[in-house]
Amino acid sequence: MITFIPVTMILSNWFVKKRELVTGIAIAFSNLGGAVFNTVISKLISTEGWRYAYVFSGLLALAACTIAVLFSLKRSPEEYGQEPYGAESAADSAVQEKQKVWMGVDKKTALKTPAFYFLCLAMLLTGIYGAGIANHVVTYLCKGGWDITAAGLVMTVYTLAGVAGSTGGGALLEKIGYRKGVIAGGVLGVLAVVSLIFGGKIHAMAYIFAILLGCGCFLVGLLPSQSVANTFGLKEYAGIYGMSYACYLIGCAVSTPVIAIISEKTGYLTAWIGIVILILAIIILHLLCISEGEKIREKYPD
């Protein structure tokens, strides 16, 4: 509840221009924080004990929550007597129309549209794809003869590549649009999984996998939140995104045991092929959601 929803809600309300870029930067710092604090907390556990490390983590979480609450006291710039970035007046009426903040539809209306169910299914599959790979890569590589430290380094490379992928993904979505952005993220994901299949034996391919997956991580972290804003608007963004994000978490919850069962019975190759199929399905579902979102904007222009 505190990880993605308040951040994406705040940025969607405050930015008309550069929304994708600033959201990507925020998610990139989340990846960077994960890379740094995984090491810090592990070090604290080994040197000071797990109780000290957990107290430190709890205080850090409390500070983050307090900041999030302070920024969320008022939802929109209008409540501060300001305008979102990019909504300033312009002489050209066409530019004015482009910069106009679309408030969109309420949650009740969104639930009646096909777009919402396309989005929820895409989020479910995204959770299976994202968590399934992240939780099984080290095991897969170690089964292929890797030392566990080297396998862990692959995931560190992935995390660091994710910093660039989130920031660059935001800029890419802003530049080429959502349709092409979805396809680009999906292609990077497919190439990453194909590289992983060979990475068990060819070490260089595992690191290529990590870089490709990190660069394409905006398909998992950035695109869903921006899809909600563009498809349904900002009127009840938090409620709609929260419901769709629950589907993502369900996907994360089922992915690890499902992939474990598949890998034990038929091997990891079958699991990775299944992940490629999931990525293709995610691309199709997001494209359908974009098309349905355009219909919603036509029907509810104000």
Chi angles and distances behind the side chain to side chain contact (heavy atoms under 4.5 Å, CB included) call for M205, L196: CA-CA 7 Å; M205 294 300 292; L196 179 62; over 6 Å; no
Minimum heavy-atom distance [X]-[Y], with the two atoms named:
X    : Y    : result
C217 : G162 : SG-O, 3.6 Å
S255 : G132 : OG-N, 3.4 Å
L212 : S195 : CD1-OG, 3.7 Å
H286 : A122 : NE2-CB, 4.0 Å
M123 : Y245 : CE-CA, 3.6 Å
A281 : L125 : CB-CD1, 3.8 Å

Would you sort out whether M243 and C120 count as a side chain to side chain contact (heavy atoms under 4.5 Å, CB included), showing the intermediate values? CA-CA 8 Å; M243 293 180 70; C120 286; 5.7 Å; no
With heavy-atom distances below 4.5 Å as the criterion, would you say the side chains of [X] and [Y] are in contact?
X    : Y    : answer
L219 : L188 : no
Y207 : I202 : no
N230 : R297 : yes
W146 : V154 : yes
L119 : S227 : yes
V105 : K235 : no
I250 : L124 : yes
F116 : I240 : yes

Ring centroid separation W272 to Y140 under 6.0 Å: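 Yes, the ring of W272 comes within the 6.0 Å limit of the ring of Y140, centre to centre.
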Say whether, by atom type as modelled, one donor and one acceptor occur between the side chain of [X] and the main chain of [Y] under 3.5 angstrom.
X    : Y    : value
S291 : L287 : yes
T113 : A110 : yes
Y117 : L111 : yes
T231 : V228 : no

Quick one: [atom1] on [X] to [atom2] on [Y], what's the gap to the nearest 0.5 Å?
X    : Y    : atom1 : atom2 : answer
T109 : K299 : OG1   : NZ    : 8.5 Å
D147 : L141 : CG    : CG    : 11.0 Å
H136 : I262 : NE2   : CD1   : 9.0 Å
L191 : I279 : CG    : CD1   : 9.5 Å
Y241 : F232 : OH    : CZ    : 13.5 Å
I133 : T256 : CD1   : OG1   : 11.5 Å

Taking a hydrophobic cluster as the set of Ile, Leu, Val, Met, Phe, Trp and Tyr residues connected by side-chain heavy atoms closer than 4.5 Å, whether directly or through intermediates, do I261 and L269 fall within one such cluster?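 In one cluster with I261: L269, no.
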Connected via hydrophobic side-chain network under 4.5 Å: V220 and I284: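 The answer is yes; both residues are in one hydrophobic cluster.
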Among T126, L288, I282, L285, whose side-chain contact (heavy atoms from CB on, under 4.5 Å) with L121 holds?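 Checked T126, L288, I282, L285 against L121; only one passes side-chain contact (heavy atoms from CB on, under 4.5 Å): L285.
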Quickly, which of I275, V254, N135 forms a side-chain contact (heavy atoms from CB on, under 4.5 Å) with I259? Name it, please.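 Among the candidates, only I275 passes.
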Step by step, work out the side chain to side chain contact (heavy atoms under 4.5 Å, CB included) result for T139 and Y268. CA-CA 10 Å; T139 303; Y268 269 111; 3.6 Å; yes
Check the pair I273 / T270 against side chain to side chain contact (heavy atoms under 4.5 Å, CB included), numbers first and verdict last. CA-CA 5 Å; I273 292 173; T270 304; 5.8 Å; no
For K295, enumerate each residue passing the side chain to side chain donor-acceptor pair (under 3.5 Å) test, keeping only those at least two apart in sequence or located in another chain.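 Side chain to side chain donor-acceptor pair (under 3.5 Å) list for K295, sorted by chain: E292.
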